Amino acid sequence: MKSFELVEPATIDEAVALLEPDDPGVRAIAGATALVPMMKARLFQPTRLVSLRRLDGALRGVHEHEGGLRLGALATLTELERSSRVRAVAPVMSRALRTLSNVRIRNVATLGGHLAHGDPHMDLPPVLMTLGARVRAVSRRGERWIDLNDLVLGYYQTTMAADELIAEVHVPAQPTGARTWYEKFTALSADDWPTVGVAVWYRTDAAGSDTTRPTVMTEARVAVSAATERPVRVPAAESALTGAAPDDATFRKAADAAADAVEPLADLRGSAAYKREMIRVHVRRALERAR
Amino acid sequence: MSARHERAVAFTLNGRRVGATVATHETILEVLQREFGLFGARESCGQGLCGCCTLLVNGTAVSGCLYFAAFADGAELTTVEGLAKNGELHPIQRAFVEKSGFQCGFCTPGFILMTKELLSRHPQPTEDEIRHYLSGNLCRCAAYPDIIAAVKRAAELMRA
Ligand SMILES: Cc1cc2nc3c(=O)[nH]c(=O)nc-3n(C[C@H](O)[C@H](O)[C@H](O)COP(=O)(O)OP(=O)(O)OC[C@H]3O[C@@H](n4cnc5c(N)ncnc54)[C@H](O)[C@@H]3O)c2cc1C
Ligand code: FES
Ligand code: FES
């Protein structure tokens, strides 16, 4: 690695003023767990890193907000994993965090760094996409909200501008009875990077006392990651679920629809054809486990 | 190298207040070895995967190979060299000796420090908790069953 200018601003205003819209050598740094490996591999050689670690309490914490969550960009993955608030609103997140990398990485990696990195193998983007989460981004120009579905564009590419910071993530209150699951398929150990990641979310109408009427799914969300160039929602699978009963036949139909619709990429974790089959298997499993 | 690319850092290392001048790109692992002659945390994968470079920063385990030395400023660092007190091994170290939780010993400092964080959070860990905590530490000698036995024994010794 080469040395660089390291700045450690105390306020968000100072931090965004130190970022440069047109200089790819200038970047924010939080836990450093994604950036250091890239620097060691010489994929990235910064001229200036703007450290967020001394920011005066801004961007921190796990807060309850209108029945949902407000998660500071500097919250560590360990903080999120242990948070009873996170578990209460989004147990699917707590579970996904348990096998995300290892304890040492989670102890320092931050939510903001996780989302801004833009690697399609990351575990939380598909989960947050199905939970309806949004990111609050700040820059010298003010702030804006980015839907998680629109954040990651491709390998290491996001819709964030070079001088924008993620300030926090909002997870909305989840409707009662919402069913969720994240299925992480790894080719090696359980906490390896996923070969395929599948997050599902659905809710059913309340059948109430009328037991003759079958329960149907009124809304469904399916996201696939890791096997693809970027985490994607799969509308074909979602429409196969919506209006149908959450039974095995429907789940198989949705899994087939996902396998047909998604464009997997070949890499050292498997060929495109293999990953297509793994998508079929794991969309079905995720739906069964959500039930 | 210009002054902007260097940093004077001060931290507590195994109970002692120390300082050093570090380059911005240096990891804490490199600085522990170069400035302080501490080799208990050692590099193997260099990518956060194996745990051989583990140290505690404010009581939390981190991979020294991915941790900038500049970020250690003001922190309290513990390496395996800091565990023994007055020539007496720490109970976790005694448990690893007693249960032979190693063969070559290269991975051992990492496992011991990881166990320290584990036992500070879960004084009576279940087998599942032990595996969860140690899943990011690799042992090429595959002493895993003995390591798990050592962690259980360490929990007993710490409670005693
Ligand atoms: C050994 C290892 C195994 C891993 N395994 C997994 C795995 O199985 N699953 C998984 O999902 N992930 C895995 N990861 C990746 C890990 O989740 C990321 O490294 C981590 O989340 C990045 O967070 P950070 O705070 O360290 O980011 P940094 O390295 O500090 O930054 C990453 C990127 O985000 C930018 N950035 C940081 N904070 C902000 C902000 N607030 N606003 C805007 N931009 C920002 C930086 O400029 C940089 O481009 C693994 C990592 C390692 C090292
Ligand atoms: S050398 Fe740091 S984790 Fe392997
Ligand atoms: S004892 Fe040899 S690597 Fe673990």
Side-chain angles (χ1 to χ4, degrees), chain A residues 1-8 18 25-27 29-55 74 76-79 81-82 94-95 97-110 113 186 188-193, chain B residues 1-7 9 22-30 41 43 45-75 110 113-118 121-122 128-138:
Chain A
M1 284 190 286
K2 285 193 181 162
S3 68
F4 47 83
E5 179 190 0
L6 177 65
V7 285
E8 300 188 289
L18 285 160
V26 176
R27 275 212 218 169
I29 185 159
T33 63
L35 270 189
V36 172
M38 289 188 85
M39 289 163 64
K40 286 188 173 182
R42 294 179 190 265
L43 289 169
F44 174 58
Q45 295 192 343
T47 50
R48 176 195 296 159
L49 290 182
V50 180
S51 166
L52 307 180
R53 73 186 196 103
R54 290 202 198 269
L55 292 187
L74 290 177
T76 64
L77 300 186
T78 294
E79 249 177 284
E81 179 191 2
R82 293 195 184 134
S94 316
R95 260 199 322 272
L97 282 158
R98 256 181 89 76
T99 55
L100 192 164
S101 185
N102 58 51
V103 173
R104 291 184 314 280
I105 300 295
R106 293 198 295 277
N107 279 346
V108 286
T110 65
T186 60
L188 300 169
S189 60
D191 54 1
D192 187 22
W193 290 95
Chain B
M1 189 164 36
S2 83
R4 288 184 318 174
H5 293 213
E6 287 183 345
R7 265 282 189 296
V9 293
V22 303
T24 49
H25 68 286
E26 275 184 302
T27 64
I28 188 66
L29 183 65
E30 292 167 312
E43 181 153 311
C45 71
Q47 298 178 32
L49 290 165
C50 73
C52 290
C53 63
T54 302
L55 71 148
L56 304 183
V57 177
N58 299 327
T60 322
V62 311
S63 278
C65 68
L66 300 184
Y67 201 94
F68 283 130
F71 290 179
D73 188 40
L113 289 170
M114 216 56 223
T115 303
K116 190 153 191 297
E117 183 187 320
L118 164 67
R121 299 206 63 93
H122 304 281
D128 184 52
E129 277 158 356
I130 297 174
R131 288 170 181 270
H132 176 62
Y133 256 75
L134 300 186
S135 67
N137 289 64
L138 304 182

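Here is the naming used below: chain letters follow the sequence lines, and residue numbers restart at 1 for every chain. Here the structure is a predicted model, which is why all the values come from computation and not from measurement.
- Within the 4.5 Å cutoff, side-chain heavy atoms of A/R53 are placed close to those of B/D73.
- To the nearest 0.5 Å, the span separating CD on A/Q45 from CE on A/M1 amounts to 10.5 Å.
- Residues A/L49 and A/R27 meet the side-chain proximity criterion, which asks for heavy atoms closer than 4.5 Å.
- The shortest side-chain heavy-atom distance between A/I29 and A/F4 does not fall under the 4.5 Å cut-off.
- At a 4.5 Å heavy-atom cutoff, A/L35 makes no contact with chain B through either its backbone or its side chain.
- Of the N and O atoms on the side chains of B/T27 and B/E30, at least one donor lies less than 3.5 Å from an acceptor on the other residue.
- For B/F68, the part sitting under 4.5 Å from any heavy atom of chain A is the side chain, from C-beta outward, and nothing else.
- Both the backbone and the side chain of A/R98 come within contact range of chain B, judged by heavy atoms closer than 4.5 Å.
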Between side-chain atoms of residues 37-44 of chain A and protein atoms elsewhere (two or more places apart, or another chain), which donor-acceptor pairs fall under 3.5 Å?
| unit_1 | atom_1 | unit_2 | atom_2 | d |
| --- | --- | --- | --- | --- |
| A/K40 | NZ | B/G46 | O | 3.0 |
| A/K40 | NZ | B/C65 | O | 2.8 |

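- Residues passing the salt bridge (Lys or Arg N to Asp or Glu O under 4.0 Å) test with B/R7 are A/E8, sequence neighbours excluded.
- Using a 4.5 Å cut-off between heavy atoms, B/R121 contacts chain A through its side chain alone, with no backbone atom that close.
- Using a 4.5 Å cut-off between heavy atoms, A/L6 touches chain B through backbone and side chain atoms alike.
- Residue contact with chain A, scored on non-hydrogen atoms closer than 4.5 Å, is absent for B/N58.
- Only the side chain of B/Y67 comes within less than 4.5 Å of a heavy atom in chain A; its backbone stays farther off.
- Your options are A/R54, A/R104, A/R106, A/R48, and the one with the most heavy-atom pairs under 4.5 Å with chain B is A/R104.
- With a 4.5 angstrom heavy-atom cutoff, B/L118 does not touch chain A via any of its atoms.
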